[in-house]
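Dropping the structure in here first, questions after.
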Amino acid sequence: MLLKCGRPLLRHTDVPPRVTESFILTGYRFPNYSLRDCLLSAFRPTNETGNFWTHFLPVFVFSYRFAEVFGWEGAPPGGSPFFYPLWTYVAGVFALLMASCAAHLLNSMSLVVREVCFFVDYGSISAYTFGSSLAYYYYIHPRAGLGEAAEERGGPRVFFETLYLPSAALVAVICALSCCNTRQGWRKHRYLIRTFVFLLPFFISTTPIFYRLLTRSPYSNAAAASLAASASGEGFFYRHCFWLLLSAVLNISKVPERLAPGRFDIMGHSHQWFHCCTFLSILDELEMIKSEIRAILLSPALQLPPATPSPPGPTAASTFGVMLLLQTTIISIIVRFSWHANCMYGSERRELDKEPLKEH
């Protein structure tokens, strides 16, 4: 049951302009909430309550769905190199969901904390997109599952084996920079820019999938079960695309609150639906990756161990190491924007601390 007690909730006219959201008129928490107040607000009807729960509950759903892989017949131990790309992908998803939860729950502590929370949130999106790229590279690569049976050369092979992951990493850094800057320099079109940079990694990361859809399956000459398992991923991919497109439309249009400002302040506004559609896209993406893992496991002779040179199999350095290097870069971006946010709002926070809280 939602708590009714606690500090009073305010209207959009009673809080700093930086805190307000388009067409959301009530349910705001006043800045300078303590950590305890923020945690308790998860059980109160505020305009952030739904945003928190629509990413916190999915953590448990996702955990259950991805753990199924380790129980499959023929699956190697969870700590084997074969599963390194899956673990980096899972880490990216968890970072995305938990950073979003923290951002929506803790952003009322101060204007500076609010900025830092959302910078971390944007950084976690880049972690998720690059984790997806690693999983695609090792499980849905055009040559994944082929071993030494395929020796095709040319443009696609050069791109996927030399440029694909660097391009995905570069796009992840660009997205983190762009999203962070929408909170300080590009605020007028911030929703459009954020949606664009959320979708930009999609066009780079999914190139192995589109290549697979347009060419003959690498499992055509393998066991029929492998081909069937891989083919099932096609439907999951199309649904993944549908949910991503719908989430983008919701995030830009601000429907339904645009149609009835004030009516969807607590529950049902576009950001909550954006969260739901985003998670559904992640679930379908997970099922797509699982279908490819299943196809590889059903053809043990075609698996790609770390010693296989073409394409190289997963290693700790090529998965966890690369992800760590990318995150170090993104953290430096977050630190830079956080320092600037402290310069902008630190003085306002100190003045706010000196004033007694007003009764509303």
F82 vs Y139 side-chain heavy atoms within contact, under 4.5 Å: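 Sidechains of Y139 and F82: in contact.
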Trace of the side-chain contact (heavy atoms from CB on, under 4.5 Å) decision for D14 with F30: CA-CA 8 Å; D14 300 324; F30 193 85; 6.0 Å; no
Aromatic ring proximity, centroids under 6.0 angstrom, W243 and F236: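 Centroid separation for F236 and W243: 6.0 Å or greater.
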T49 (side chain) donor-acceptor with R44 (main chain) under 3.5 angstrom: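 Flag set: sc T49 to bb R44 pair under 3.5 Å.
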Distance-minimising heavy-atom pair for Q327 and A127: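 The answer is NE2-CB, 3.3 Å.
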Minimum side-chain heavy-atom gap F118-H104 below 4.5 Å: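 In short, these two side chains touch, coming nearer than 4.5 Å.
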By side chain to side chain donor-acceptor pair (under 3.5 Å) - contacts of S270 (at least two apart):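 Residues passing side chain to side chain donor-acceptor pair (under 3.5 Å) with S270: E257.
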Between S41 and R29, a side-chain donor and acceptor under 3.5 Å: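 Present: a donor and an acceptor within the cut-off.
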Approximate separation, where rounding is to 0.5 Å, of F119 CZ and I331 CD1: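 Interatomic distance, F119 CZ to I331 CD1, rounded to 0.5 Å: 15.0 Å.
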Where W87 and G78 come nearest, the two heavy atoms and their spacing: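 Closest heavy-atom pair between W87 and G78: NE1-O, 2.8 Å.
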Under 3.5 Å donor-acceptor, T46 side chain and A42 backbone: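 No, T46 side chain to A42 backbone: no donor-acceptor pair under 3.5 Å.
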Any donor-acceptor N/O pair, S34 side chain to D37 backbone, under 3.5 Å: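 At least one qualifying donor-acceptor pair exists.
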Carboxylate-amine/guanidinium contact R212 E292, below 4.0 Å: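 The answer is yes: the pair qualifies as a salt bridge.
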Pair E21-R114, salt bridge (charged side-chain N to carboxylate O under 4.0 Å, His left out): steps then yes or no: CA-CA 13 Å; E21 298 290 342; R114 179 183 177 85; 3.3 Å; yes
Nearest heavy-atom neighbours spanning I266 and G27: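 Smallest heavy-atom distance, with atoms named: CD1-CA, 4.1 Å.
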Steps toward side-chain contact (heavy atoms from CB on, under 4.5 Å) verdict (L165, V322): CA-CA 9 Å; L165 288 180; V322 174; over 6 Å; no
Chi angles and distances behind the side-chain contact (heavy atoms from CB on, under 4.5 Å) call for I293, L86: CA-CA 9 Å; I293 292 175; L86 180 63; 4.3 Å; yes
hydrophobic_cluster_shared for L326 and F94, side chain cutoff 4.5 Å: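 F94 clusters together with L326.
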Neighbour count >12 (heavy atoms, 6.0 Å) for atom CH2, W72: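 Counting neighbours around CH2 of W72, more than 12 heavy atoms of other residues, nucleotides or ligands fall under 6.0 Å, so yes.
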Non-hydrogen side-chain atoms of Y137 and P208 separated by less than 4.5 Å: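 They are not in contact (no side-chain heavy atoms under 4.5 Å apart), so the answer is no.
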Interatomic distance, L105 atom CG to Y33 atom OH [nearest 0.5 angstrom]: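 Rounded to the nearest 0.5 Å, the CG-OH separation comes to 11.0 Å.
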Note, N181 side chain near F337 side chain (heavy atom, < 4.5 Å):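 N181 reaches F337 side chain to side chain.
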Side-chain touch I282/F62, heavy atoms, less than 4.5 angstrom: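 Yes - at least one pair of side-chain heavy atoms lies under 4.5 Å apart.
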Between E115 and S338, a side-chain donor and acceptor under 3.5 Å: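 No, no side-chain donor-acceptor pair sits under 3.5 Å.
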Test side-chain hydrogen bond (donor to acceptor under 3.5 Å, both in side chains) applied to Y122 and T182, step by step: CA-CA 11 Å; Y122 303 148; T182 60; 4.7 Å; no
Check against side-chain contact (heavy atoms from CB on, under 4.5 Å), F52 and E48: CA-CA 6 Å; F52 169 77; E48 293 283 21; over 6 Å; no
CZ-NZ distance between R65 and K290, expressed to the nearest 0.5 angstrom: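 If I round to the nearest 0.5 Å, the distance is 5.5 Å.
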Value rounded to 0.5 Å, distance of CG in L250 from CH2 in W273: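 If we round to the nearest 0.5 Å, L250:CG and W273:CH2 are 9.0 Å apart.
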Side chain proximity check, S281 to S247, heavy atoms < 4.5 angstrom: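 They are not in side-chain contact.
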ILVMFWY network linking I334 to M98, side-chain heavy atoms under 4.5 angstrom: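 Yes, same cluster.
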Point-to-point distance, once rounded to the nearest 0.5 Å, from CD1 of I125 to CG of D121: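 Between atom CD1 of I125 and atom CG of D121 there are 5.0 Å.
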Main-chain N/O of C101 paired to H55 side chain as donor or acceptor, under 3.5 Å: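 Looks like no, no N/O pair under 3.5 Å.
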Minimal non-hydrogen separation, A341 against V112, with atom names: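 Shortest heavy-atom contact: O-CG2, 4.1 Å.
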Exam field: side chain S253 to backbone V249, donor-acceptor pair closer than 3.5 Å: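 Yes, the answer is positive, given that a donor and an acceptor are paired below the 3.5 Å cut-off.
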Polar side chain donor-acceptor pair, T315 to S318, under 3.5 angstrom: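 Per modelled atom types, T315 and S318 side chains form a pair under 3.5 Å.
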Min side-chain heavy-atom separation M288-I209 under 4.5 Å: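 Side-chain contact under 4.5 Å: yes.
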Main-chain N/O of N51 paired with T54 side-chain donor or acceptor, under 3.5 Å: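 Flag set: sc T54 to bb N51 pair under 3.5 Å.
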Flag for S133-Y89: side-chain donor and acceptor within less than 3.5 Å: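 No, because no side-chain N or O of Y89 sits under 3.5 Å from a partner of the opposite role on S133.
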Residues in salt bridge (Lys or Arg N to Asp or Glu O under 4.0 Å) contact with D284, at least two apart in sequence or another chain: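 Applying salt bridge (Lys or Arg N to Asp or Glu O under 4.0 Å) to D284 gives R239.
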Donor-acceptor contact present, side-chain S100 to main-chain L97, <3.5 Å: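 No; zero donor-acceptor contacts below 3.5 Å.
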Path from I289 to F210 over hydrophobic side-chain contacts below 4.5 Å: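 I289 clusters together with F210.
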Validation row, ring centre F83 to ring centre F70 under 6.0 Å: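 Yes, the ring centres sit under 6.0 Å apart.
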Flag if over 12 foreign heavy atoms under 6.0 Å of CZ, R263: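 Not buried by this count: 12 neighbours or fewer within 6.0 Å.
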Cluster overlap L25 with V255, hydrophobic side-chain contacts below 4.5 Å: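 No, separate clusters.
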H269 and Q272 side chains, donor-acceptor separation under 3.5 Å: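 Q272 vs H269: donor-acceptor pair found between side chains.
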For the student: nearest non-hydrogen atoms of L111 and P16, plus distance: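 That closest heavy-atom pairing would be CD2-CB, 4.3 Å.
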From T20, D265, T26, I24, residue fulfilling side-chain contact (heavy atoms from CB on, under 4.5 Å) relative to R11: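 Answer to the side-chain contact (heavy atoms from CB on, under 4.5 Å) test with R11 among T20, D265, T26, I24: T26.
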Heavy-atom closest pair, residues L106 and C38: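 Scanning both residues completely, I find the closest heavy atoms to be CD2-CB, 3.8 Å.
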From CA spacing to verdict: ring-ring contact (aromatic ring centres under 6.0 Å, His included), F56, W53: CA-CA 5 Å; F56 184 71; W53 288 105; 5.7 Å; yes
Verify same cluster id: L214, F237 (apolar side-chain graph, 4.5 Å):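 L214 does not cluster with F237.
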Euclidean distance, L324 CG relative to F320 CZ, rounded to 0.5 Å: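 Going from the CZ atom of F320 to the CG atom of L324 covers 11.0 Å.
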Residue pair S205 / Y164, side-chain heavy-atom distance below 4.5 Å: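 The answer is yes, as the side chains (C-beta and beyond) meet within the 4.5 Å cut-off.
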